[in-house]
Protein chains: 2
Amino acid sequence: MAQITKHPTQECKKSIQAVHDAMYVLGGKWKISIVASLLFGPRRYSEILRDVVGISGKMLSRELKEMETNLLVDRIVSDTQPITVTYELTKYGKSIEPVIITLGEWGETHRKCITRKD
Amino acid sequence: MAQITKHPTQECKKSIQAVHDAMYVLGGKWKISIVASLLFGPRRYSEILRDVVGISGKMLSRELKEMETNLLVDRIVSDTQPITVTYELTKYGKSIEPVIITLGEWGETHRKCITRKD
DNA sequence: CTGTATCCACCTTGATACTG
DNA sequence: CAGTATCAAGGTGGATACAG
C-alpha cells in the first residue's frame, strides 16, 4: 500500500522516534556496556567495575541507579558481612539482548574495518 | 567446553569491548537517528534536519562530518544553483541497519512500557 | 541551500577522598 | 564491599549571525 516514495518523512520520523526512545533509556556512555555485562548473569558491583573497562565507581552507581529507575535492572542486597549487592537484568532488561548482540556483532566487524583501514 | 561459570570475565569483556567499539562510532546523541533517517534513502541536509526532530544545524553538520570520517556516509555535492548536498549511507553504513531495526523495535516496545507504567 | 563561527549555559565525567 | 561528596575540566548543544 503506502509505498515509501512520496511521503517517506512520516514513516521515517516514526522509526527515528522509536530509535530515539530507545537511546533515551540506553543513552549513557556506559549503560549498554553494563547491560552487556549483565547479560552474562547477575553481577556484583565490583565485578561490573572490572568488566566494564574504564568506568569509574561513581559512573557505575549512577548509571545503575538510572537503570533501576527505568526497570532495566534489579538490585539485590544480601546483608552478609560486609553487605554484598548483586545486580541483574529484569525481564525487561533482558529484552535488550537482541540489540546488544546485533550491536556487538557490528562492533566486531567494525573493529576489523578499523584494523584494515587505519 | 568452556562454560560461563568460573571465568566469565574474559568472555564478557570481549563482548563488552565489541559493544563499546560500536558505540564509539555511533555514540553521538544524534548519529543513530541520522542513520535511521538515511536508511530510508539518500537525504538532503535540510531533509535530515526535518526528519530528526530536535537536532540543530550545527549538530547535524558536525555529526555528519564525523560519520563521513568514519566512512558511514557519503557526501555528494551537486553543483546546481544553489548547490545541493545529498548524504547517503555507504555500504558500511548500511550494515548498521540490523542494529537500528532491532533498536527501533525495542524502542517501540519500550514506549508501550512507559505508557503503561508512567 | 548548506553550512561555519562564536558565545555561552549546561551536562557529563573523572579523580580523589570519605562513609557505613 | 558498595557506594557518596566534592571539585574541576572538558564536552555537548543551542542561538544567532554570518559565508559561499
Side-chain angles (χ1 to χ4, degrees), chain A residues 9 16-17 19-21 23-35 37-38 41-70 72-89, chain B residues 8-9 16-17 19-21 23-38 41-70 72-89:
Chain A
T9 307
I16 295 173
Q17 261 311 120
V19 169
H20 202 265
D21 285 356
M23 289 315 287
Y24 175 77
V25 175
L26 301 174
K29 185 177 182 180
W30 303 104
K31 289 206 189 69
I32 290 186
S33 296
I34 295 171
V35 175
S37 168
L38 257 22
R43 283 276 186 284
R44 303 256 300 271
Y45 177 85
S46 51
E47 288 174 322
I48 305 175
L49 217 45
R50 262 175 282 133
D51 280 349
V52 182
V53 179
I55 196 172
S56 67
K58 179 172 110 180
M59 279 303 110
L60 179 55
S61 53
R62 188 187 291 179
E63 300 274 55
L64 282 170
K65 208 178 290 177
E66 285 182 33
M67 293 164 76
E68 220 190 320
T69 302
N70 289 323
L72 297 178
V73 303
D74 280 331
R75 182 173 178 276
I76 297 133
V77 183
S78 312
D79 53 348
T80 48
Q81 184 45 254
I83 63 162
T84 58
V85 182
T86 306
Y87 292 90
E88 67 179 48
L89 293 174
Chain B
T9 308
I16 294 173
Q17 261 311 120
V19 169
H20 201 265
D21 286 354
M23 288 316 287
Y24 175 76
V25 175
L26 301 174
K29 184 176 182 180
W30 302 106
K31 290 205 189 69
I32 290 187
S33 296
I34 295 171
V35 175
S37 169
L38 257 24
R43 285 277 188 283
R44 301 256 303 273
Y45 176 83
S46 50
E47 289 175 320
I48 305 175
L49 218 44
R50 261 175 282 132
D51 279 350
V52 182
V53 179
I55 196 172
S56 68
K58 180 173 111 178
M59 278 304 109
L60 179 54
S61 51
R62 188 186 292 179
E63 299 275 54
L64 282 170
K65 208 179 290 175
E66 286 182 33
M67 292 163 77
E68 221 190 319
T69 303
N70 289 322
L72 297 179
V73 303
D74 280 332
R75 182 173 178 276
I76 297 133
V77 182
S78 312
D79 54 348
T80 48
Q81 184 45 255
I83 64 160
T84 57
V85 182
T86 306
Y87 291 92
E88 67 178 48
L89 293 174

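On a predicted model such as this, the values are computed, not experimentally measured, just so you know. Letters go in sequence order (proteins before strands), and every chain restarts at 1.
- Side-chain proximity of A:Arg44 to the nucleotides D:dG13, D:dA2, D:dG3 is greatest for D:dA2.
- In this view, A:Thr80 and A:Ser78, A:Thr84 satisfy the side-chain contact (heavy atoms from CB on, under 4.5 Å) rule, not counting sequence neighbours.
- Proximity of A:Ser56 to the phosphate of C:dT13: no side-chain N or O atom is located under 4.0 Å from OP1 or OP2.
- Rounded to whole angstrom, the span from the CD1 atom of A:Ile55 across to the P atom of D:dA2 amounts to 14 Å.
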Check: Run the side-chain contact (heavy atoms from CB on, under 4.5 Å) check on B:Leu26 and B:Asn70 step by step: do they pass?
Finding: CA-CA 10 Å; B:Leu26 301 174; B:Asn70 289 322; over 6 Å; no
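- Of the candidates D:dA2, C:dT2, C:dT4, C:dT4 carries the atom nearest the B:Lys65 side chain, counting heavy atoms from C-beta on.
- Taking atom OH of A:Tyr45 as the reference point, atom P of D:dT4 lies 8 Å away to the nearest angstrom.
- The phosphate of D:dT4 (OP1 or OP2) has a side-chain N or O of A:Ser61 nearer than 4.0 angstrom.
- Distance CG/B:Leu64 to CD1/B:Ile55: 7.5 Å, rounded to 0.5 Å.
- For B:Gln81 and D:dG20, the CD to P distance is 14 Å, given to the nearest whole Å.
- The A:Met59 side chain lies nearest to C:dT13 when the options are C:dT2, D:dC1, C:dT13.
- For B:Asp79 and C:dG3, the CG to P distance is 14 Å, given to the nearest whole Å.
- One interatomic measurement links the two molecules: CE of B:Met67 to P of C:dG3, which rounds to 13 Å at whole-angstrom precision.
- Put simply, B:Tyr87 has a side-chain N or O that comes within less than 4.0 Å of OP1 or OP2 on C:dG3.
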Are any protein N/O atoms closer than 3.5 Å to N/O atoms in nucleotides 16-20 of chain C? If there are, list each pair with its distance.
none

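- Closest to the side chain of B:Val85, out of D:dA2, C:dT13, C:dG3, is C:dG3.
- Between the side chain of B:Ser37 and the main chain of B:Ser33, no donor-acceptor pair closer than 3.5 Å is present.
- Rounding to whole angstrom units, CH2 of residue A:Trp30 and C1' of C:dC11 are separated by 17 Å.
- For B:Leu60 and D:dG13, the CG to P distance is 13 Å, given to the nearest whole Å.
- Taking the salt bridge (charged side-chain N to carboxylate O under 4.0 Å, His left out) definition, one finds that A:Glu88 meets it with nothing, sequence neighbours left out.
- A:Met59 has its side chain out of reach of A:Lys29: every pair of non-hydrogen atoms, C-beta onward, lies at least 4.5 Å apart.
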Item checked: side-chain contact (heavy atoms from CB on, under 4.5 Å) evaluation trace for A:Val35 with A:Met67 -> CA-CA 9 Å; A:Val35 175; A:Met67 293 164 76; 3.4 Å; yes
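- Between B:Arg62 and C:dT4 there is no side-chain polar atom (N or O) within less than 4.0 angstrom of OP1 or OP2.
- Backbone-only engagement by B:Gly54 is indicated by non-hydrogen atom pairs under 4.0 Å involving sugar-phosphate atoms exclusively.
- Counting to the nearest Å, the C1' atom of D:dG11 and the NZ atom of B:Lys31 are 12 Å from each other.
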